[in-house]
J.: 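Supplied in structure tokens, the structure appears directly below.
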Amino acid sequence: MTDRLHITTAIFYCNAPPHVGSAYEALAADAYARSQRRRLGRARVSFLTGTDEHGDKIRRAAEAEGMPPKEFTDRTSAVFRRAWDGLHVSYDYFVRTTDPQHEQFVQQMLARSHSRGDIYFKDYEGLYCVGCERFYTEKELLPANVCPTHNQPVERISEGNYFLRIDKYRAQVVEHIQRHPDFIRPDRYRNEALNMLAEPLADLCISRPKARLEWGIELPFDSNYVTYVWYDAFWAYVSAPASRDPGFITEVFPSADHFIGKDILKTHAVYWPPMLLSAGLPLFRHLDVHGWVNFGGQRMSKSSGNVADPVSYEAAFGPDVLRYFLLREVVYGLDGDFSEERLIERYNADLANDLGNFTSRVLSMAARYFGGQLTCAPAVEDDAPDAALAAALGQLVERVDAQVETLAFNRGLEAIWQALDVANKYIVQTAPFTLAKDQAKLPRVAQILANLTEALRVVGYALDPFMPVTSRRILDLLAVDQAAAAAPYGQGLKAGHQVNPASALFPRIEKKVR
RNA sequence: GGCGGCGUAGCUCAGUUGGUUAGAGCACGCGGCUCAUAUCCGCGGAGUCGUAGGUUCAAGUCCUACCGCCGCCA
């Protein structure tokens, strides 16, 4: 198959700071990107995120703060960027739709569709919701012409606008989805998309008159108009990498994975493909659709105030903790639930007790009995326990990456924890601390510890897509270089290798007693 | 109104093309160990698998209806 990948998150609308839900998307995409990088090599994977900064809502939000739109989005975009940095989201591109490079690219794409005859002008009168930034038909609205998502009356607006032909490409998009069963993942969303595409589609209004809204990219063929924010934002998936790499569009973009939330399935399954086709571009590889992350059982929303700030959780519990929780607990594609209580449960049970304590006991014994030095290489000496350990750790990374490839992040982590279970059991079965009391049995103790240290090494490496900081910390404690870190089980650590003393990776969180 | 999803132990969920006493983690109880972050290992209790029918030698797993929750489309 293809050996280069392009992975994107949605381009986040910049009118409010990120919450745990947007963080989840960035983290899932990041785990996917990191997993693919270790399979294909760093240079073959590009990972893109960014902020969507045009449109009426942003202009209004900026106005409310008494500042120009660009100044407003400079600030909000930086908040996203810092949040992603704080969560160790390893993007290669952070695109802002206000980047000059992006704006030029969008104009090129508009010109292409225009010259192909896919963009036409039409007088239009309709009911417009400012919050949604779109027109509605009366059937879609609640009584008294109230917008169903914003619960606000819509405005009747009459104006000339430019439209992009959508229905022209409908059959082609349907055929593509049918010929590529995993084009939209998971399946449930594929069916919904096909449903949406089953009937004729209205063309997409892609302009706004400057008289009403100036905050946007000017149309290359009519300076009285700017482009609609949604048309603009999609191209952020392409603009920056295409500008940097001339071969991007033909060689890399066809194997793009778009990570999106289920709320924007329609725009990505129905409107984005015709936009691409009309501009003469190929379609992407996967649309990877996730559900909501609820908060304490309730839908997170700014209006109800139950919005969890992702960065504060990393700050409070340590690096990788929110990453672990979301990737372990949420099934990709289904709705999940986030709560501090469950986060602490997971932290203590999985991170402190299983992973942290395992690390601690292995390194402590290595230090206590051999001054931290491995006197032999890992090997299967005693058939039963040694072989069980080798079986649990063998091909672990490959198995994890295979799960991630299908977006089963939770199963990838489960596989690592199953290996940890076996490793903890191995200590009880072999009881090196008992053998160590007998001088004659020290060689066997050394062998057991070499095997355990090797197991820890593989676990540390396997964790990287999900918990990059913890992975690094474990590998640093083991003092292994990059090549040894990535070796198959049994071939990483050598005799004579020196490891560092234990330190607690995840101190237990004691329940607060009031 | 149409289409689709979900409903399995106290909690969160797995359950392949229908096939032996329905599984895991957490929580809880008992036992063991002491290298380790009072951690680890073993054992255990608990479920009429939403309801009612049906197909089958055999159904959580297929069919029908209904109830409840949710999503998409109209």
Side-chain angles (χ1 to χ4, degrees), chain A residues 136-141 148-149 184 186-202 261-270 289-292 294 296-299 318 325-326 328-339 341-370 372 385 388 403 408 410-411 413-418 420-437 445-446 448-449 452-453 456 477 501-511:
Chain A
Y136 276 95
T137 61
E138 288 194 35
K139 280 198 294 186
E140 292 174 299
L141 295 167
T149 44
I184 299 174
D187 264 359
R188 55 197 309 162
Y189 296 112
R190 177 176 182 267
N191 296 333
E192 285 192 10
L194 284 170
N195 213 350
M196 294 173 198
L197 288 159
E199 290 177 43
L201 296 163
K262 64 183 182 180
D263 53 324
I264 51 176
L265 171 63
K266 183 173 186 177
T267 49
H268 281 76
V270 174
V289 188
H290 65 81
W292 305 118
N294 295 320
Q298 299 218 306
R299 171 81 187 277
F325 179 83
L326 291 174
R328 174 65 184 78
E329 192 89 346
V330 178
V331 177
Y332 196 88
L334 301 180
D335 290 356
D337 193 50
F338 172 85
S339 75
E341 201 180 342
R342 284 194 70 79
L343 178 85
I344 291 174
E345 279 176 22
R346 280 279 178 205
Y347 178 101
N348 279 337
D350 299 351
L351 299 180
N353 294 353
D354 291 343
L355 175 62
N357 182 59
F358 175 71
T359 304
S360 177
R361 62 201 304 211
V362 169
L363 293 177
S364 295
M365 283 191 280
R368 174 185 295 222
Y369 303 130
F370 301 101
Q403 295 290 1
N410 58 328
R411 294 192 177 186
L413 281 166
E414 278 171 31
I416 297 174
W417 259 257
Q418 279 169 17
L420 272 172
D421 285 346
V422 173
N424 271 318
K425 200 166 300 183
Y426 179 77
I427 298 180
V428 172
Q429 287 171 338
T430 57
F433 42 84
T434 305
L435 301 180
K437 291 169 185 163
V445 176
I448 291 166
L449 281 173
L452 282 168
T453 312
L456 179 58
L477 283 170
S503 76
L505 293 175
F506 298 100
R508 265 186 79 83
I509 298 170
E510 298 305 330
K511 276 229 161 138

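The chains referred to below are lettered A, B, ... by the order of the sequence lines, with proteins before strands, and numbering in each begins at 1.
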J.: Please classify the nucleic acid contact of A/Leu363 as base, sugar-phosphate, or nothing, using heavy-atom distances under 4.0 Å.
T.: nothing
J.: Could you give me the CA-CA distance, side-chain angles and deciding distance for A/Asn348 and A/Ile344, then say whether side-chain contact (heavy atoms from CB on, under 4.5 Å) is met?
T.: CA-CA 6 Å; A/Asn348 279 337; A/Ile344 291 174; 3.9 Å; yes
J.: B/G15 phosphate, OP1 or OP2: any side-chain N/O from A/Arg411 under 4.0 angstrom?
T.: yes
J.: Measuring from A/Leu420:CG to A/Asn353:CG, what's the distance to the nearest 0.5 Å?
T.: 11.5 Å
J.: Expressed as a whole number of Å, how far does the C1' atom of B/U48 sit from that of B/C26?
T.: 25 Å
J.: Under the salt bridge (charged side-chain N to carboxylate O under 4.0 Å, His left out) rule, collect the residues that match up with A/Asp421, sequence neighbours excluded.
T.: none
J.: Please report, rounded to the nearest Å, how far the C1' atom of B/A74 is from the CG atom of A/Leu197.
T.: 15 Å
J.: Is A/Tyr189 touching bases, backbone alone, or none of the nucleic acid, heavy atoms closer than 4.0 Å?
T.: nothing
J.: Using only atom types and a distance under 3.5 Å, with no angle test, would you say the side chain of A/Ser360 pairs donor to acceptor with the backbone of A/Gly356?
T.: no
J.: Nearest whole angstrom, please: distance from the P of B/C6 to the CG of A/Asn191.
T.: 12 Å
J.: Please confirm whether the backbone N or O of A/Ala388 pairs with a side-chain atom of A/Tyr426, one donor and one acceptor, at under 3.5 Å?
T.: no
J.: What's the CG-C1' distance between A/Asn348 and B/A38, to the nearest Å?
T.: 12 Å
J.: Using the closest heavy atom to pick a nucleotide of RNA chain B for each, name whichever of A/Glu199 or A/Ala504 lands nearer the 5' end.
T.: A/Ala504
J.: Distance check, P atoms only: B/C70 and B/G31, in whole angstrom units.
T.: 46 Å
J.: Rounded to whole angstroms, how far apart are CG on A/Asn195 and C1' on B/G2?
T.: 9 Å
J.: Applying salt bridge (charged side-chain N to carboxylate O under 4.0 Å, His left out), can you list everything that pairs with A/Arg328, at least two apart in sequence or on another chain?
T.: A/Glu414
J.: Consider the side chain of A/Lys425, meaning its heavy atoms from C-beta on, and name the nucleotide among B/C41, B/G2, B/A14 that approaches it most closely.
T.: B/C41
J.: Could you measure between the two P atoms, the one in B/C30 and the one in B/A14, and give it in whole Å?
T.: 32 Å
J.: What stems involve RNA chain B, if each pair must be Watson-Crick or G-U and both of its distances must be under 3.5 Å, with 3 or more such pairs in a row?
T.: B:1-7 with B:67-73, B:10-13 with B:23-26, B:28-32 with B:40-44, B:50-54 with B:62-66
J.: Roughly, in whole Å, what's the span from CG in A/Asp335 to C1' in B/G5?
T.: 11 Å
J.: To the nearest Å, how far apart are A/Gln403 CD and B/A14 P?
T.: 14 Å
J.: Using the C1' atom as the reference point in each nucleotide, state the distance between B/U12 and B/G18 in Å, no decimals.
T.: 27 Å
J.: Under 3.5 Å, side chain of A/Asn410 to main-chain N/O of A/Glu329, donor-acceptor pair present?
T.: no
J.: Counting N and O atoms only, with roles assigned by atom type, does the side chain of A/Asp335 sit under 3.5 Å from a partner on the main chain of A/Trp292, one being a donor and the other an acceptor?
T.: yes
J.: Between B/A22 and B/G1, how far apart are the two P atoms, rounded to whole Å?
T.: 40 Å
J.: Report all interatomic pairs (protein N or O, nucleotide N or O of nucleotides 24-35 of chain B) with separations under 3.5 Å.
T.:
unit_1	atom_1	unit_2	atom_2	d
B/C35	O3'	A/Arg368	NH2	3.4
B/C35	O2	A/Arg361	NE	3.2
B/C35	N3	A/Arg361	NE	3.4
B/C35	N3	A/Arg361	NH2	2.6
B/C35	N4	A/Arg361	NH2	3.1

J.: Tell me what A/Pro507 touches on the nucleic acid: a base, only sugar-phosphate, or nothing, going by heavy atoms under 4.0 Å.
T.: base
J.: Taking only the P atom of each, what is the distance from B/G15 to B/C28 in whole angstrom?
T.: 27 Å
J.: Return the value, rounded to whole Å, for the distance between atom CD of A/Glu414 and atom P of B/U12.
T.: 16 Å
J.: When you compare B/C49 with B/C57, how far apart are their P atoms, in angstrom units rounded to a whole number?
T.: 23 Å
J.: List in chain and number order the residues that pass ring pair (Phe, Tyr, Trp, His ring centres under 6.0 Å) with A/Tyr347, two or more places apart in sequence or in another chain; answer none if no residue qualifies.
T.: A/Phe506
J.: Determine yes or no for a side-chain-to-main-chain donor-acceptor pair under 3.5 angstrom, with A/Asn424 supplying the side chain and A/Phe358 the backbone.
T.: no
J.: Starting at atom CD of A/Glu192, determine the distance to atom P of B/C3, rounded to an integer number of angstrom.
T.: 15 Å
J.: With rounding to the closest Å, how many angstrom separate the P atoms on B/G68 and B/A74?
T.: 26 Å
J.: Does anything in residues 348-366 of chain A form a salt bridge (Lys or Arg N to Asp or Glu O under 4.0 Å)? List the pairs, not counting sequence neighbours.
T.: A/Arg346-A/Asp350
